Every structure is written in structure tokens, then in C-alpha cells.
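The block underneath contains the structure these notes are about, expressed in C-alpha cells.
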2 protein chains.
Amino acid sequence: MRDHAVVKGLQRAELARRTGCNLETVRYYEKVGLLPEPPRTARGYRSYDTTHERRLRFVLRARELGFSLDEIRELLHLVDEREQPCVEARVVAATHLDDVQAKIADLKRMERVLKDVVAQCADGALPECPLIETLFGETSVD
Amino acid sequence: MRDHAVVKGLQRAELARRTGCNLETVRYYEKVGLLPEPPRTARGYRSYDTTHERRLRFVLRARELGFSLDEIRELLHLVDEREQPCVEARVVAATHLDDVQAKIADLKRMERVLKDVVAQCADGALPECPLIETLFGETSVD
DNA sequence: TCTTGACCCTGTAGTCACTACAGACCGCAT
DNA sequence: ATGCGGTCTGTAGTGACTACAGGGTCAAGA
């Protein structure tokens with residue numbers, strides 16, 4: 001187990017570098033309430049510790065899995081408020097999984113048609129461009 | 001072959017209804033230069049004909065295939081300017097196909113991890129929530 | 001001590017592809 | 001005359017950032 005001690009006094013750039021997150025994105029996540037506002041130094045500089053880093057990593061991982069910021073807010077709320085967040089978290093993830101699968105299906109439909117027209121354009125034997133004809137609707141897209 | 005004659009004097013709502021396009025979207029496409037500004041009646045009302053309808057259908061079909069508005073602009077430019085747009089159009093479509101395939105690959109990565117954690121949450125035997133643990137990074141997302 | 005450069009702060013605007021609304025005008029039927 | 005639907009314009013909102021502008025702060029080097 002790493003992070004035995006809480007490391008304090010991280011600046012924003014350092015937090016960004018450690019997590020691979022864009023500098024401005026950190027501020028954005030604070031603004032929209034995904035990350036808590038960190039304490040400030042006397043001069044008003046944000047001062048993070050490893051608990052902030054952990055939470056930011058959670059957000060970044062969830063984004064990698066395609067969760068929306070609203071869904072992530074919901075997940076974080078469950079983590080904060082529930083003893084056993086698993087059942088409710090599962091619902092969020094399962095719903096998101098449905099979304100992802102629907103998107104895959106959409107993209108595969110596009111892929112099929114695109115592959116088709118690119119192949120037809122490639123053989124170059126046709127007088128009219130099959131891609132353009134398809135888009136003008138003389139041929140069906142499905 | 002339908003549309004032997006060019007039908008004139010379509011109003012915006014009628015054009016939208018005929019194409020299934022949202023009313024406001026028509027105006028938006030004109031604003032960003034995808035559709036030509038139609039002639040106006042004495043009172044300033046837009047008056048479309050079937051050539052506008054044809055072009056709008058092109059845009060809508062291309063959107064269904066996931067082309068960006070910039071790509072569609074490029075395709076329309078080729079249609080307007082080139083005798084033989086096929087080779088250049090093919091490049092646009094092939095590039096877009098690559099994008100689509102990259103997106104599918106991304107989504108499949110997400111799908112795999114999500115399926116996994118949802119299944120682990122489902123059996124409910126674990127003391128910690130596998131989804132939450134995954135997001136906090138104690139386990140690899142791959 | 002001065003300067004340089006790198007960091008920090010805030011607020012605002014831009015991205016993409018729409019979508020929605022406010023506030024005004026017009027045309028036709030009752 | 002009055003309603004109901006249509007039209008017009010411009011602007012603002014969405015999601016998830018990203019990129020400035022215009023200022024302040026700080027530590028190291030000459």
C-alpha cells in the first residue's frame with residue numbers, strides 16, 4: 001500500500017503533472033463541484049494533498065470509462081454518503097454500459113456503410129461516385 | 001426517378017417536415033454555410049425549392065454517417081467544383097472511417113471493463129465495491 | 001538589487017453541433 | 001376583431017473542456 005502519509009502542499013501544476021490531467025481541467029472540476037475547493041495559502045494559492053489527488057484520479061479513471069460528469073458526481077456522492085455504495089453504483093455503471101453499447105451499435109452501422117462506399121470508390125469502375133450517390137440518397141444508407 | 005419538376009415555394013417548416021430535420025437546424029446550416037441562403041418573399045420569408053431539399057438531405061445523410069460539418073462542407077465543395085469528385089471524396093470518407101474505427105475500439109475497451117465490474121458487483125460476494133475500487137485505481141483499468 | 005522566468009490568480013470566450021427561447025411581425029379563419 | 005399558427009432576428013444554453021488576457025508572486029541567478 002502506497003501513500004501511507006498524506007502529502008501536503010501540492011500546487012496545481014504539480015497535481016496536474018502527477019495525474020496527467022490538464023492544468024485548467026483541475027480548476028474546471030472544482031468549479032463544477034467534482035473536486036472540493038482546496039485550502040489556500042496566505043497569498044491565495046491552492047494547496048492540495050494526496051486526498052485531492054486520489055479523488056482527481058477517480059474522476060479521470062471514470063472519464064476514461066466514458067462516464068459523464070453527472071454520473072461521476074453521482075458515484076462520488078455514493079462513495080461519500082453510503083456505507084455500501086455497491087448496489088447503487090452498479091445501477092449507474094449498468095446504465096452507462098447500455099449507453100456505450102448503443103454507441104458501439106451506431107458506430108458499427110456507420111462503419112459498415114463507410115467501408116462499403118470506400119470499397120466501391122476504390123475499384124474506380126463506376127461512372128458516378130458511389131459515396132456521393134449514397135449521400136444524395138439515390139441509394140439507401142442501410 | 002421522382003422529382004421531375006423542381007417544386008418551389010416551400011416554407012421552412014415544410015422543408016423541415018419533408019426531411020425530418022429540426023426547424024432550427026435548417027437555419028443553423030444556412031448560417032454556417034452548408035446550405036445556400038434561399039430567396040426571400042416580399043415579406044422576407046425564406047422560399048425553398050427541391051434543390052435545397054436535395055442538398056439538405058445530403059447533409060442529413062452525411063451526419064447519419066457521422067461526418068463532421070467540416071467534412072460535409074468539403075464533400076459539398078467537391079460535388080460543386082469537381083468533375084470527378086470520387087478520388088478526393090474517397091479520401092475524406094476513408095479518413096472518417098478511420099476515426100469511426102478508432103472510436104469503436106475506445107468504446108469496446110470501455111465496454112469490456114464495465115461488463116467486468118458490473119458482473120463483479122452483481123454477484124455481491126465482495127466486501128468492497130469492485131466498481132469503486134477500480135475507479136480509485138487500486139485495480140488496473142488496462 | 002534587479003531581472004528573468006515560471007508559476008499562480010480570476011474571468012471570459014472559444015470549441016462542436018445543435019436546440020431553445022424571447023420578442024416581434026404576418027396571414028388566414030372565424 | 002381576435003386568435004392561432006406561421007415567420008423573422010438575435011442570443012443563450014448544452015457538455016466537457018481548453019485557451020487566452022491581464023494581472024500578481026516567488027525564487028534563483030547576474
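Per chain, numbering begins at 1; letters A, B, ... match sequence-line order. The basis for the numbers below is simple: all heavy atoms, side chains too, and nothing from hydrogens, waters or symmetry mates. Note that the coordinates shown come from a computational prediction; the quantities given were computed from them, not determined experimentally.
Nucleotide D:dC17 holds its C1' atom 9 Å from the CG atom of A:Leu69, rounded to whole Å. Between the CZ atom of B:Arg73 and the C1' atom of C:dC16 there is a distance of 11 Å, rounded to whole Å. Distance, B:Lys103 NZ to C:dC16 P: 13 Å, rounded to whole Å. One atom, CG of B:Leu34, and another, P of C:dC16, lie 12 Å apart when rounded to the nearest Å. Atoms CD (A:Glu14) and C1' (C:dC8) sit 14 Å apart, rounded to a whole Å. Whole-Å rounding puts the A:Glu30 CD to D:dA16 C1' distance at 16 Å. If you measure from atom CG of B:Leu23 to atom C1' of C:dA17, you get 16 Å, rounded to the nearest angstrom. Between the CZ atom of B:Arg17 and the P atom of D:dG5 there is a distance of 16 Å, given to the nearest Å.
Take the nearest nucleotide of DNA chain D for A:Glu24 and for B:Arg46: the residue whose nucleotide is more 5' is B:Arg46. If you find the closest nucleotide of DNA chain D to A:Asn22 and to A:Tyr45, the one lying nearer the 5' end belongs to A:Asn22.
Nearest approach of B:Tyr45 to B:Gln11, heavy atoms of both residues: CD2-NE2, 3.5 Å.
Using a cut-off of 4.0 Å between Lys/Arg side-chain N and Asp/Glu carboxylate O, B:Asp80 and B:Arg55 are scored as salt-bridged.
Using a 4.0 Å heavy-atom cutoff across all strands shown, B:Tyr29 reaches sugar-phosphate atoms only and no base atom. Among the atoms of the strands shown, base atoms are found under 4.0 Å from some heavy atom of A:Arg27.
Both A:Leu60 and A:Val32 are members of a single hydrophobic cluster when ILVMFWY side chains are connected at heavy-atom separations under 4.5 Å.
OP1 or OP2 of C:dC8 sits under 4.0 Å from a side-chain N or O of A:Gln11. The side chain of A:Arg40 places an N or O atom within less than 4.0 Å of a non-bridging phosphate oxygen (OP1 or OP2) of C:dT10. The phosphate of C:dT19 has OP1 or OP2 within less than 4.0 Å of a side-chain N or O from B:Thr25.
Remark: the A:Tyr28 side chain and the D:dG15 base include no donor-acceptor N/O pair separated by less than 3.5 Å.
The nucleotide whose nearest atom lies closest to any side-chain atom of B:Arg43 is, among C:dC18, C:dC8, C:dG27, C:dG27.
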Inset, instruction - Run the numbers on A:Asp49 and A:His52 for side chain to side chain donor-acceptor pair (under 3.5 Å), then give the verdict. - result: CA-CA 6 Å; A:Asp49 62 37; A:His52 295 97; 3.3 Å; yes
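Residue-environment remark: CD (A:Gln84) stays at or below the threshold of 12 foreign heavy atoms within 6.0 Å.
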